[in-house]
Amino acid sequence: MKAVGTASGKIILMGEHAVVYGQPAIALPFSAVEIRATVSAQGEALTVSCDFYDGLVHQMPKIWESLKHAIRFSLYRIGAPSDPAIHVQIDSTIPAERGMGSSAAVAVAVARALFAFYQKDLSYQELWDIVQSSEKIAHGNPSGVDAATTSGKQPIFFIKNQKMEPLDLCLDAYLVVGDSGKTGQTLEAVLDVAKLYQNKKEARDWIEALGDLTRKAKLYLSSGDIRELGQVMNQAHGLLQQLGVSDDKLDLLVETAHHQGALGAKLTGGGRGGCMIALVKNRAQANILAQALRDNGACQTWIQYLGE
Ligand code: MEV
């Protein structure tokens with residue numbers, strides 16, 4: 001018997017970091033990258049294999065605690081034995097720790113696969129509890145935007161602790177995603193922003209300004225105004241720089257996007273490494289920009305159409 005669970009990556013279009021403080025974020029599932037968990041009856045104990053580990057779940061190194069927790073907590077919620085003779089195989093095309101939601105996505109995929117293996121229904125609330133508790137280990141104080149986006153199929157307008165609003169995205173434009181190749185430092189970035197938020201009035205203003213930009217972005221998404229959308233993305237990157245969550249490589253890729261005539265560009269996700277996104281008008285521009293990003297140090301690029 002085998003069971004499979006999947007989850008997609010995610011891209012935050014607007015609102016990262018500010019979303020932790022009750023401001024809105026706009027995020028989209030990014031189906032170009034995906035995690036697949038396969039559970040099978042195998043061996044004599046609970047084992048897991050993925051790119052970075054192959055062995056007993058209870059011996060997993062501390063840095064993978066959030067994955068271990070997702071497996072154990074799912075088993076607990078299912079009412080299964082805590083150390084069953086099963087194997088969890090994880091295959092991923094989501095680059096780890098690059099702001100694409102890999103930690104949330106792996107928890108979503110694992111929970112789905114384990115519930116399917118034990119033939120138990122997995123309610124949205126149950127999935128949410130499992131993923132958020134695993135995200136708390138990975139990120140400290142997660143807003144929930146990663147959990148909501150990687151478990152869904154639609155772009156969302158997300159405010160912490162509120163019902164999320166699905167968004168219809170039908171823009172005749174493209175997003176180019178560039179991976180800086182540097183592992184993101186979401187936990188540190190979130191903690192440093194929290195210190196700034198506590199100690200500096202300006203930082204609280206920047207967070208609020210990010211929220212205003214996200215609300216504007218929502219309007220531009222529905223009116224199809226890609227120029228204005230690009231502008232608010234640029235302004236958001238400036239504010240994220242002020243908050244100290246960008247870095248030289250991300251800034252270089254964002255500048256490259258500007259030189260190539262992108263309508264807007266910004267980092268996406270936790271920052272301090274990870275990925276950036278740029279908005280362009282057509283496929284030809286997207287191809288040229290993707291090449292320019294790779295020439296300037298991006299280790300991987302993707303192109304996502306924002307229409308239907
Ligand atoms: C991480 O993908 C997004 C952050 O806003 C953290 C969070 O919302 O939990 C940086």
Side-chain angles (χ1 to χ4, degrees), residues 7-30 33 35 66 69-70 92 94-108 128-152 155-162 164-165 175 177-180 182-197 203-204 206-215 217 233 236-237 239-247 250 266-277 302:
S8 68
K10 69 102 208 321
I11 293 173
I12 297 184
L13 185 65
M14 290 288 287
E16 50 276 276
H17 288 289
V19 67
V20 173
Y21 301 91
Q23 297 295 337
I26 296 172
L28 24 146
F30 188 46
V33 290
I35 285 192
S66 62
H69 177 81
S92 174
I94 308 182
E97 296 176 62
R98 302 286 167 76
M100 283 197 186
S102 63
S103 60
V106 78
V108 171
W128 178 264
D129 292 348
I130 293 166
V131 179
Q132 273 300 83
S133 68
S134 151
E135 281 287 271
K136 276 192 185 125
I137 297 169
H139 289 176
N141 181 21
S143 64
V145 67
D146 289 13
T149 321
T150 57
S151 61
I156 51 170
F157 184 75
F158 178 93
I159 300 177
K160 192 175 172 176
N161 300 330
Q162 287 189 21
M164 68 185 141
E165 196 183 318
L175 265 193
V177 183
D179 180 354
S180 73
K182 196 175 146 205
T183 304
Q185 308 287 330
T186 302
L187 179 58
E188 287 78 4
V190 168
L191 289 174
D192 286 353
V193 171
K195 276 186 214 144
L196 270 186
Y197 189 85
R204 295 192 286 275
W206 296 332
I207 295 280
E208 208 158 297
L210 280 165
D212 289 341
L213 292 172
T214 303
R215 279 181 279 272
M233 287 170 68
H237 186 70
L239 289 166
L240 291 164
Q241 282 177 316
Q242 310 256 59
L243 284 172
V245 296
S246 191
D247 68 9
L250 287 168
K266 62 182 278 293
L267 69 84
T268 181
R272 304 253 179 99
C275 293
M276 51 74 69
I277 51 174
W302 298 263

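What you see is a predicted model; the values in this text were computed from it and never measured. Order of appearance sets the numbers: ligands from 1, and atoms from 1 within every ligand.
- With hydrogens left out, the protein atom closest to atom 6 (C) of ligand 1 is V20 CG2, 3.9 Å, a heavy atom.
- The nearest protein atom to atom 7 (C) of ligand 1, hydrogens excluded, is given as S143 OG, 3.4 Å; this is a heavy-atom distance.
- At a threshold of 4.5 Å between non-hydrogen side-chain atoms, the residues H139 and V190 do not count as touching.
- Less than 4.0 angstrom separates some heavy atom of V145 from each of these atoms of ligand 1: 8 (O).
- Taking all atoms of both residues into account, the shortest heavy-atom contact from A189 to V245 is CB-CG1, 3.9 Å.
- Under a 4.0 Å heavy-atom criterion, G99 is not in contact with ligand 1.
- Of all atoms in ligand 1, listed by their number and element, those nearer than 4.0 Å to a heavy atom of E16 are 5 (O).
- The side chain of K10, and not its backbone, has at least one atom closer than 4.0 Å to an atom of ligand 1 (non-hydrogen atoms only; side chain from C-beta on).
- Using a 3.5 Å distance cut-off with no hydrogens or angles, the side chains of S103 and E135 do pair a donor with an acceptor.
- Using modelled atom types, no side-chain atom of K160 and backbone atom of P24 make a donor-acceptor pair closer than 3.5 Å.
- Looking at D247, L250, I277 one by one, the single match for side chain to side chain contact (heavy atoms under 4.5 Å, CB included) with L267 turns out to be L250.
- S134 places no side-chain N or O within 3.5 Å of a backbone atom of I130 that could act as its donor or acceptor partner.
- Within ligand 1, the atoms closer than 4.0 Å to a non-hydrogen atom of V19 are 5 (O), 8 (O), numbered from 1 in the order shown.
- Shortest contact from atom 4 (C) of ligand 1 to any protein heavy atom: H17 N, 3.9 Å.
- For ligand 1 and I12, the ligand atoms under 4.0 Å from any heavy atom of the residue are 2 (O), 3 (C).
- For the pair Q23 and L210, the minimum side-chain heavy-atom distance is 4.5 Å or more.
- Listed by number with element, the atoms of ligand 1 under 4.0 angstrom from any heavy atom of D146 are 1 (C), 2 (O).
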